[in-house]
Colleague: 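Provided herewith is a single structure, encoded as structure tokens, for subsequent inquiry.
The structure presented is a predicted model; accordingly, all values stated were derived computationally and were not measured.
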Amino acid sequence: MSRFYITTAIDYANGDPHIGHAFEKIGADAIARVHRQLGHDVHFMIGMDEHGQKVAQTAAVAGVSEQAFVDEISTHFQEMWRSLQISNDQFIRTTSPQHKVGVQALIERIFATSPDAFYEKSYAGWYCVGCEAFKTDAEIVDGHCILHPTRELEWVQERNWFFRLSAYSDRLRALLDSNPHFCQPSSRRNEIIGLLDSGLEDVSASRSRNTWAVPFPRATSDGQQQSTYVWFDALPNYLTGTGFPDQAGWDTRWPAQLHVIGKDITRFHCVIWPAMLMAADLPLPERVWGHGFVLLGGERFSKSAGVKLDLGEAIARFGSDAFRYFLLREIPFDGDGSFSWERFGERYNADLANAFGNLASRVTSMIEKYNEGVIPAAGASDLETADLADFGDAASAMDGSRGYLLHEGLASIWKTVARANEYVQSSQPWALAKAPEQREELLQVLGTLGRSLARQAIAIAPFMPSKAQALWEALGAPGTVHTRPWPTLAAVDAAGWRVTKGAPLFPREESAT
RNA sequence: GGCAGGAUAGCUCAGCUGGUUAGAGCACGGCACUCAUAAUGCCGGGGUCGCGGGUUCGAGUCCCGCUCCUGCUACCA
């Protein structure tokens with residue numbers, strides 16, 4: 001069984017989860033679930049980034065200790081992920097002892113493996129208070145930061161450990177060139193190649209001011225004990241989560257097959273992270289996928305944008321499954337998309353209530369009325385041939401072979417839903433039921449529809465876990481839908497299952513639009 | 001400022017190496033059907049394919065210029 005270690009970015013613990021966090025987890029969860037249904041040995045890890053100056057400051061404002069603060073935030077996140085049915089196998093926190101040990105071990109390993117990789121340097125540069133960051137010449141116009149033209153830049157000096165990132169330019173370029181999958185989608189890859197071509201600068205690996213951090217394992221030459229800078233703390237979580245360096249089996253899980261991240265942190269995952277691993281002589285992750293953002297009124301969700309939309313309210317509106325469906329159907333996983341209540345309502349009624357939920361109702365209802373609730377056996381049909389082609393398209397949109405185009409996968413699955421509704425209309429089972437001599441034809445139609453519904457339940461399982469299982473049970477299918485593998489979709493045999501028409505899967509919402 | 005990508009129906013988008021009357025979904029209008037969550041199916045209206053030139057027998061599809069939008073432009077994460 002092939003292994004599939006998938007991670008998301010760890011979320012920064014300076015505020016509660018918002019829809020942007022949720023989009024990434026839901027997308028990664030769907031990918032993890034698809035791979036489980038493809039028969040892979042999946043390990044899905046998410047977590048929290050709990051160190052840093054901002055966390056310390058926010059905790060101070062709240063009047064609690066840093067650890068108490070992140071414990072609380074971390075709990076909120078995990079409760080949210082439970083309500084969204086995120087099927088992570090592990091939840092890592094950077095304040096955990098195992099992670100701290102792992103970070104220091106990784107840094108020491110780099111010192112040992114690549115003695116030139118770290119060096120001390122006094123760094124001085126223009127510091128923008130607005131950005132809380134040093135600015136390069138390219139970002140300074142007329143002596144001001146291009147993002148904060150009204151603020152004065154400060155000249156700041158600090159002595160830190162530096163990582164010789166520039167030494168890895170050629171190897172990184174070779175990695176990107178030889179392995180187009182390493183950084184996807186291609187728009188992100190192009191940006192990284194552009195960055196490499198413009199030349200890499202070394203990056204600092206320690207900080208003197210921040211105290212809420214993993215201690216950098218080596219003091220500077222003047223005896224100062226510094227803290228590990230964010231990317232040397234946060235990025236290694238993917239590695240320390242495996243038990244690196246000393247827990248048995250870590251090297252069978254590492255490297256990760258996929259890092260799912262936001263497009264804004266692509267550079268860190270496609271440049272700094274592989275360079276760190278090269279310096280440590282450790283295997284590189286196979287693929288980094290930079291998804292886009294959920295926009296609201298043209299603006300992206302972010303920590304600074306504030307709570308413009310309550311995540312709990314969005315989930316409560318139509319339920320966790322519908323929320324997952326809406327985000328993954330509406331927002332392309334390789335780009336940005338917009339959230340709006342209007343679209344949510346339209347998609348809920350059009351796609352879920354009218355098209356899919358109603359299809360399930362009419363089919364189960366007819367099987368109950370015309371065949372005492374038993375799904376008849378059915379031979380092959382044109383509908384089946386066309387459906388299997390669409391399910392094949394869906395699989396190829398989601399299995400990584402063309403990237404992770406979850407929105408396209410759902411679109412392909414919904415073609416089969418539309419086809420089934422057309423089939424009901426054109427074959428008119430209610431008319432066939434009135435003519436005893438057309439009994440065989442009626443059974444063929446009902447059997448075809450029952451089997452189609454069973455396949456749809458399997459196909460939507462990664463996206464809407466609860467509703468897929470509810471439909472599975474309404475069809476009288478055995479076991480759980482989540483263990484039904486995609487590759488056997490063609491062989492699904494629903495003959496003999498006893499259906500039960502229950503409450504509507506997705507009750508139509510009159511006030512939705 | 002530099003680099004990259006984009007501008008196609010009311011909305012979200014497909015249109016591969018240029019070739020008959022430019023497509024889909026949603027929204028909107030009409031008709032049909034009754035198994036179904038007044039759901040479904042069929043038909044229809046609606047686009048000077050950002051603007052201006054050019055290449056070509058022929059351009060949404062190639063070239064040049066212009067306008068507008070988006071992303072990246074390294075140590076907040």
Colleague: Students often get this wrong, so: under 4.0 angstrom with heavy atoms, is A/G357 touching a base, only sugar-phosphate, or nothing?
Modeller: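 Base contact.
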Colleague: For a quick check, tell me whether the side chain of A/N358 and the base of B/A36 share a donor-acceptor pair closer than 3.5 Å.
Modeller: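 A donor-acceptor contact between them is present.
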Colleague: Starting from the 5' end of RNA chain B, give me the residue, A/P332 or A/N354, whose nearest nucleotide shows up first.
Modeller: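 Its nearest nucleotide lies further toward 5', so the answer is A/P332.
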Colleague: Distance check: side-chain N/O of A/R267 vs OP1/OP2 of B/A74, anything under 4.0 Å?
Modeller: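 So the side chain of A/R267 is outside the cut-off, no N or O lying under 4.0 Å from OP1 or OP2 of B/A74.
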Colleague: I'd like to check A/E440 versus A/Q444 (side-chain heavy atoms, cut-off strictly below 4.5 Å). Are they in contact?
Modeller: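 They are not in side-chain contact.
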Colleague: Taking Watson-Crick and G-U wobble pairs with both distances under 3.5 Å, convert RNA chain B into its dot-bracket string, 5' to 3', dots for unpaired and | for cross-strand pairs.
Modeller: (((((((..((((.....[...)))).(((((.......))))).....(((((..]....))))))))))))....
Colleague: Answer whether the closest heavy-atom distance between the side chains of A/T94 and A/M48 falls below 4.5 Å.
Modeller: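 Side chain of A/T94 against side chain of A/M48, heavy atoms only: no contact under 4.5 Å found.
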Colleague: Within the 4.0 Å heavy-atom criterion, would you say A/V230 contacts the bases, only the backbone, or no part of the nucleic acid?
Modeller: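 The answer is sugar-phosphate, as A/V230 gets under 4.0 Å only of primed atoms, P, OP1 or OP2.
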Colleague: Taking the same atom, P, in B/C26 and in B/C66, what whole-Å distance lies between them?
Modeller: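 41 Å, rounded to whole Å.
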Colleague: Which whole-number value in Å describes the distance from A/L295 CG to B/U12 P?
Modeller: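 The answer, rounded to whole Å, is 12 Å.
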Colleague: Among B/C26, B/C33, B/A77, which nucleotide sits nearest the side chain of A/E346?
Modeller: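 Nearest to the side chain of A/E346 among the choices is B/C26.
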Colleague: Does the side chain of A/K415 get closer than 4.0 angstrom to OP1 or OP2 of B/A24 through an N or O atom?
Modeller: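 No, outside the criterion.
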Colleague: I'd like the P distance from B/G5 over to B/U17, given in whole Å.
Modeller: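 Each nucleotide's P atom is 14 Å from the other's.
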Colleague: What's A/P429 touching, base or sugar-phosphate or nothing? Going by heavy atoms closer than 4.0 Å.
Modeller: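 Nothing, no heavy atom under 4.0 Å.
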Colleague: Quick one: A/R189 CZ to B/C72 C1', roughly how many Å, whole number?
Modeller: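 These atoms are roughly 16 Å apart.
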Colleague: Below 4.5 Å, heavy atoms only, C-beta onward: do A/Q224 and A/S208 meet side chain to side chain?
Modeller: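 Yes, close enough: below the 4.5 Å cut-off.
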Colleague: If I take atom CD in residue A/Q425 and atom P in nucleotide B/C43, what distance separates them, rounded to the nearest angstrom?
Modeller: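 Checked: the CD to P distance equals 12 Å.
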Colleague: In whole angstroms, how far is the C1' atom of B/C33 from the CE atom of A/M366?
Modeller: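 That distance rounds to 12 Å.
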Colleague: Which part of the nucleic acid does A/G199 contact within heavy-atom distance under 4.0 Å: base, sugar-phosphate only, or nothing?
Modeller: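 Here A/G199 touches the bases of the nucleic acid.
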Colleague: Select base, sugar-phosphate, or nothing to describe what A/I192 touches, counting heavy atoms under 4.0 Å on all strands.
Modeller: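 Touches nothing.
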Colleague: Taking the same atom, P, in B/G19 and in B/C35, what whole-Å distance lies between them?
Modeller: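 Comparing P positions in B/G19 and B/C35 gives a spacing of 48 Å.
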Colleague: Give a yes/no on whether any side-chain N or O of A/N14 is located under 4.0 angstrom from OP1 or OP2 of B/A77.
Modeller: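 Negative; the distance criterion is not met.
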Colleague: Measure from the side chain of A/F506, starting at C-beta and using heavy atoms only, and say which of B/A77, B/U37, B/A74 lies closest.
Modeller: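 From the listed options, B/U37 comes nearest.
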Colleague: Select base, sugar-phosphate, or nothing to describe what A/S204 touches, counting heavy atoms under 4.0 Å on all strands.
Modeller: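 It contacts base atoms.
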Colleague: Can you tell me, in whole Å, how much space there is between the P of B/G54 and that of B/A7?
Modeller: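 Going atom to atom, P in each nucleotide, I get 24 Å.
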Colleague: Evaluate the ring planes of A/F326 and A/F344, with Trp represented by its six-membered ring, and classify them as parallel (under 30°), tilted (30 to 60°) or perpendicular (over 60°).
Modeller: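 Correct class here is parallel.
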Colleague: Could you tell me the separation between the CD atom of A/E191 and the P atom of B/U70, rounded to a whole number of Å?
Modeller: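 It works out to 15 Å between those atoms.
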Colleague: When you measure from the centre of the six-membered ring of A/Y12, is the NZ or CZ of A/K54 under 6.0 Å away and within 45° of the axis?
Modeller: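 Checked: cation-pi criterion not met.
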Colleague: Determine the Euclidean distance between corresponding P atoms of B/A14 and B/A24; express it in Å to zero decimal places.
Modeller: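 After rounding to an integer number of Å, I get 16 Å for this pair.
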Colleague: Mapping A/L505 and A/K434 onto RNA chain B by nearest heavy atom, which one lands closer to the 5' end?
Modeller: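 The residue whose closest nucleotide sits nearer the 5' end is A/K434.
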Colleague: Starting from P on B/C72, measure out to CZ on A/F293 and report it in whole angstrom.
Modeller: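 One finds 7 Å between P of B/C72 and CZ of A/F293, rounded.
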Colleague: Pick base, sugar-phosphate or nothing for A/D351, based on heavy-atom distances below 4.0 Å to the nucleic acid.
Modeller: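 The residue A/D351 makes no contact with any strand.
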Colleague: Which residue, A/D11, A/D49, A/D71, forms the salt bridge (charged side-chain N to carboxylate O under 4.0 Å, His left out) with A/R93?
Modeller: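 That would be A/D71.
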Colleague: What interatomic distance, in whole Å, is found between C1' of B/G46 and the corresponding atom of B/G23?
Modeller: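 Each nucleotide's C1' atom is 14 Å from the other's.
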Colleague: Look at all strands and tell whether A/D202 reaches a base, only sugar-phosphate, or nothing, counting heavy atoms closer than 4.0 Å.
Modeller: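 Base contact.
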Colleague: Would you kindly give the OH-to-C1' distance between A/Y348 and B/U37, to the nearest whole Å?
Modeller: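 Taking atom C1' of B/U37 as the reference, OH of A/Y348 is at 9 Å.
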Colleague: Restricting to non-hydrogen atoms, name the atom on A/Q225 and the atom on A/P215 that form the minimum distance, rounded to 0.1 Å.
Modeller: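 Looking at all heavy atoms of both residues, the closest pair is NE2-CB, 3.9 Å.
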Colleague: Specify the separation, in whole Å, of atom CZ of A/R343 and atom C1' of B/A27.
Modeller: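 Those two atoms, CZ and C1', are 9 Å apart.
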Colleague: Could you measure between the two C1' atoms, the one in B/G44 and the one in B/C64, and give it in whole Å?
Modeller: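 Per the computed distance, 42 Å lies between those C1' atoms.
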Colleague: Hey, does A/F323 have a side-chain heavy atom less than 4.5 Å from the side chain of A/Y348?
Modeller: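 No; the side chains remain at least 4.5 Å from each other.
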Colleague: Among B/U37, B/C42, B/C72, which is the nearest nucleotide to the side chain of A/K501?
Modeller: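 The closest nucleotide is B/U37.
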Colleague: Which part of the nucleic acid does A/N421 contact within heavy-atom distance under 4.0 Å: base, sugar-phosphate only, or nothing?
Modeller: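 Sugar-phosphate contact only.
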Colleague: Is the side chain of A/W289 donor-acceptor paired with the backbone N or O of A/H259 at a distance under 3.5 Å, no angle test?
Modeller: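 No: the side chain of A/W289 does not pair with the backbone of A/H259.
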Colleague: From the options B/A36, B/C33, B/A74, select the nucleotide whose nearest atom is closest to the side chain of A/L200.
Modeller: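 The answer is B/A74.
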Colleague: I'd like the P distance from B/U56 over to B/G50, given in whole Å.
Modeller: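 It works out to 23 Å between them.
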Colleague: I want to check one thing: is the phosphate of B/A4, taken as OP1 and OP2, less than 4.0 Å away from some side-chain N or O of A/R188?
Modeller: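 So the side chain of A/R188 is outside the cut-off, no N or O lying under 4.0 Å from OP1 or OP2 of B/A4.
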Colleague: Is A/R347 positioned over the aromatic face of A/Y325, cation under 6.0 angstrom from the ring centre and no more than 45 degrees off axis?
Modeller: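 Here A/R347 fails the 6.0 Å and 45° test against A/Y325.
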Colleague: Would you tell me if any nitrogen or oxygen in the side chain of A/K369 comes within less than 4.0 Å of OP1 or OP2 on B/A36?
Modeller: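 Affirmative; the distance criterion is met.
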